[in-house]
Student: 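Take this structure, written in structure tokens, and hold onto it; I'll ask about it next.
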Amino acid sequence: MRNIVENHVEEMLEFLRYDKSQWENIWEKLKSKFSILREIEKSLGTPNFDKLERRNFDKFLYDYRELVGKDSIAKRIRQHSEELDLKREDFITFLGVFPKSVDWIVVEENEKKVIFENLYSLWEKGELNKVSEAVFQSIVHFRKGEVMGNFYNKEKIFEEINEFLAKKERDKSFMKCICKILYEKVPYYDWVGFYMINDEGVLELGDFVGEPTEHVKIKIGEGICGQAADLKKTFIVQNVLKETNYLSCSPKVKSEIVVPIFKDKEVIGEIDIDSHYVSPFDERDKKFLEGICSMVSDYLDK
Ligand code: SME
């Protein structure tokens, strides 16, 4: 398999060896060497070197050498080789520096797509230690057809939601409020809803945010929701096309996570989340949503 991570950070910082008055010239030379920089400039504009400070680049370079290992980035991507469809070999990632605050941008070079990963922008946001995750995330978004974006820190988002919900009054709008905040704050949660087991022992749709669904009642064992209730465990399906026992709500949905809500070890309902991205979920989503479900269980108990 071909190398999918090209690292050009140190080469691009060549201008640091020159006086600041020379930076613009050096940048011109870099553009001849790396033609993708011209493409990036078409979208983001030319960097204004007058406004940039040497000490920031020096600090960046120091942190970069401490924090960024190319191997761990490639490893993180290859671990998800199947979900990210790496066999197609239709793109590479290019680690570089572009002094504008956009973390990644897709450009074309020789009919190949290049995801330019702007490590400088990531560093400015204090997220350079998350570079492997950021590269992985950019590929997930690229696979959906997005051409530019910024890294989001899952842990921070989940923490903020937990803090908000801890203070939220436990009134009858509580479950709707959970759906709303999850849908609004997590960029890849595209449908959030609760199914509760009704008197007939069937999962019945309760509060939700997102497009209406025809699956208002789901039997235990049916679809991903029914399986999670049946097996009493969290289900993560990273690519719904590969799941045979699946009830489709919309062709836009590419992945799904379902977490049961327990009371006295019995399933009383569940939270269901659909995403328009392939493979966006991981253990952190599972842990976070299991926490939300236990919050809901306590709320329903009162
Ligand atoms: N896809 C689910 C059905 C519910 S909708 O996603 C809202 C399933 O397979 O159980």
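Counting convention: from 1, in listed order, for ligands and their atoms alike.
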Student: Any nitrogen or oxygen of Gly226, side chain or backbone, less than 3.5 Å from one on ligand 1?
Tutor: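 In this structure, Gly226 places no N or O atom under 3.5 Å from an N or O of ligand 1.
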Student: Determine, step by step, whether Phe91 and Val106 satisfy the side-chain contact (heavy atoms from CB on, under 4.5 Å) criterion, reporting the C-alpha distance in whole Å, the side-chain angles of both residues, the deciding distance to 0.1 Å, and the verdict.
Tutor: CA-CA 9 Å; Phe91 74 92; Val106 179; over 6 Å; no
Student: How far is atom 8 (C) of ligand 1 from the closest protein heavy atom, and which atom is that?
Tutor: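 For this ligand atom, the closest protein heavy atom is Ile224 N, 3.3 Å.
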Student: Can a cation-pi geometry be assigned to Arg76 and Phe136, taking NZ or CZ under 6.0 Å from the six-membered ring centre and within 45° of the ring axis?
Tutor: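 Output yes; distance and angle both within limits.
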Student: Any N/O of Gly223 closer than 3.5 Å to an N/O of ligand 1?
Tutor: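 Checking ligand 1 against Gly223, no N or O pair falls under 3.5 Å apart.
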Student: From the options Asn129, Asp63, Val9, Ile73, select the one residue that forms a side chain to side chain contact (heavy atoms under 4.5 Å, CB included) with Val68.
Tutor: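 In the set Asn129, Asp63, Val9, Ile73, the residue that makes a side chain to side chain contact (heavy atoms under 4.5 Å, CB included) with Val68 is Ile73.
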Student: With respect to Cys249, determine whether any N or O atom, backbone or side chain, lies less than 3.5 Å from an N or O atom of ligand 1.
Tutor: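 No; every N/O pair is 3.5 Å or more apart.
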Student: Just which atoms of ligand 1 are under 4.0 Å from any heavy atom in Asp272?
Tutor: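 In order of number, 4 (C), 5 (S), 6 (O), 7 (C).
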Student: Is there a path from Trp191 to Ile157 through hydrophobic residues (I, L, V, M, F, W, Y) whose side chains come within less than 4.5 Å of each other?
Tutor: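 Per the 4.5 Å side-chain linkage, Trp191 and Ile157 are not co-clustered.
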Student: What about Ile115 and Ile40, same hydrophobic cluster or not, with Ile/Leu/Val/Met/Phe/Trp/Tyr joined at side-chain heavy-atom distances under 4.5 Å?
Tutor: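 Yes; tracing contacts between hydrophobic side chains, which count when under 4.5 Å, links both residues.
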Student: Should the pair Lys233 and Phe235 be classed as cation-pi, given the thresholds of under 6.0 Å to the six-membered ring centre and 45° from the axis?
Tutor: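 Because its charged atom sits under 6.0 Å from the ring centre and within 45° of the axis, Lys233 does stack over Phe235.
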Student: Please report which non-hydrogen protein atom sits nearest to atom 2 (C) of ligand 1, along with the residue it belongs to and the distance in Å to one decimal place.
Tutor: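 Its nearest protein heavy-atom neighbour is Glu256 OE2, 3.1 Å.
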Student: Do any N/O atoms on Trp191 end up under 3.5 angstrom from N/O atoms on ligand 1?
Tutor: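 So ligand 1 has no N or O lying under 3.5 Å from an N or O of Trp191.
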Student: Purely on distance, is any nitrogen or oxygen of Asp274 under 3.5 Å from one on ligand 1?
Tutor: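 Yes; at least one N/O pair falls below 3.5 Å.
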